[in-house]
Amino acid sequence: MTGDPFVAHRSLLFTVAYEMLGSAADAEDVLQETWLRWADVDRSQVRDPRAYLVRAVTRQALNRIRTLSRRREDYVGEWLPEPLLTHPDVADDVELAETVSLAMLTVLETLGPVERAVFVLRDVFDLPYDEVAEAVGKTAAAVRQIARRARNHVAARQPRVSVSRSEHQAVVARFVSALNTGRIQDLLEVMAPDVVLIADGGGLTAAALTPLRGAERVATMLAGTDRTGAETTAVWLNGSLAIRIASGSGRAAVSLVIRDGRITRIYAISNPQKLTRLDTPTDLSR
């Protein structure tokens, strides 16, 4: 029913779970588990349904992180977050777009589970410290220390991005053109000399098992990729203009980090299990 707080806050709850887990499939599982518990709750005892549901989702996500960490130890090659097709207006909320970007989600993977939860709830969703403390089972004083530590950790690893939407769009267009020509020189001109490419094929598609560094290596690899019959389209992924590639051999999602008019980092995901959300936009909100 439309009056149910769970329904009203669903996109927010999904966003919390997704930022905690980096996986839409696992976020949906967390929401399902939360819904089942919410269905049994005496609503008359819930003073603030939104806060209650955010806490419940956070706890379920923390439980799932422990399972995921074991699964990712056996993952073949680099693990990247699951990309989402998003509405263009997500980019209008600059802070939300930054925090759901593949670059940021990759950085969040380097945090411990509780640190990640605290960072997401406090710095992304601006929850009061006492609510964050209740969600993660810590004191408010401990949460303040964890938040400071997590904030410093993220700041030290977060890619520096300060480009306008128009500049980002222009670089994406140049990169798509360079991919289509397949000429190494065209690729070199759009990439920074120290560009890094991180690919995630999950052992199911051909992909570099470790990051490729340097424009020459990355350009040579991209130019040598067989893209016969491939359709390359600019799309909005995770709140930023990115690239979707479709060919007879499969699909890929490519997200870019840009600085000073050149690409500094490329995230390329071709694991088919992670590409199920590229056709219908996912609602994200804070």
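Model, not experiment: these values are computed from the prediction.
Checked against side-chain hydrogen bond (donor to acceptor under 3.5 Å, both in side chains), D29 has the following partners two or more places apart in sequence or in another chain: R64.
Side-chain atoms of Q158 and E98 include a donor-acceptor pair closer than 3.5 Å. A side-chain donor from one of R157 and H153 sits under 3.5 Å from a side-chain acceptor of the other. Looking at N238 and S101, their side chains never bring a donor and an acceptor atom within 3.5 Å of each other. The closest side-chain donor-acceptor pair between E19 and T99 falls under 3.5 angstrom. Donor-acceptor pairing under 3.5 Å is recorded for the side chains of D200 and Y75.
R262 places no side-chain N or O within 3.5 Å of a backbone atom of A192 that could act as its donor or acceptor partner. A donor-acceptor contact shorter than 3.5 Å is absent between the side chain of Y18 and the backbone of D26. Checked by atom type and distance alone, the side chain of R213 never pairs as donor or acceptor with a backbone atom of V196 at under 3.5 Å. Looking only at distances, a side-chain donor or acceptor of E167 sits under 3.5 Å from a matching main-chain atom of G261. With hydrogens and angles disregarded, a donor-acceptor distance shorter than 3.5 Å links the side chain of R244 to the backbone of L278.
Remark: R55 does not engage E131 in a salt bridge, criterion side-chain N to carboxylate O under 4.0 Å. Here E109 pairs with R116 in a salt bridge; the nearest charged N to carboxylate O distance falls below 4.0 Å. Look at D92 and R165 and you find a salt bridge, because one of the NZ, NE, NH1 or NH2 atoms lies within 4.0 Å of a carboxylate O, short of that distance. The pair R10-E28 meets the salt-bridge criterion, since a charged nitrogen lies less than 4.0 angstrom from a carboxylate oxygen. Salt bridge annotation for R251-D279: present, with a cationic side-chain nitrogen under 4.0 angstrom from a carboxylate oxygen.
Counting heavy atoms from C-beta outward, K138 and V143 have side chains that approach closer than 4.5 Å.
Distance check, rounded to the nearest 0.5 Å: CG of L237 to CG of L102 gives 7.0 Å. In this structure, CG in L212 is found 10.0 Å from CD in E78, a value given to the nearest 0.5 Å. With rounding to the nearest 0.5 angstrom, the CZ atom of F125 is 11.5 Å from the CD atom of E95. A distance of 7.0 Å separates OG in S23 from CZ in R71, rounded to the nearest 0.5 Å.
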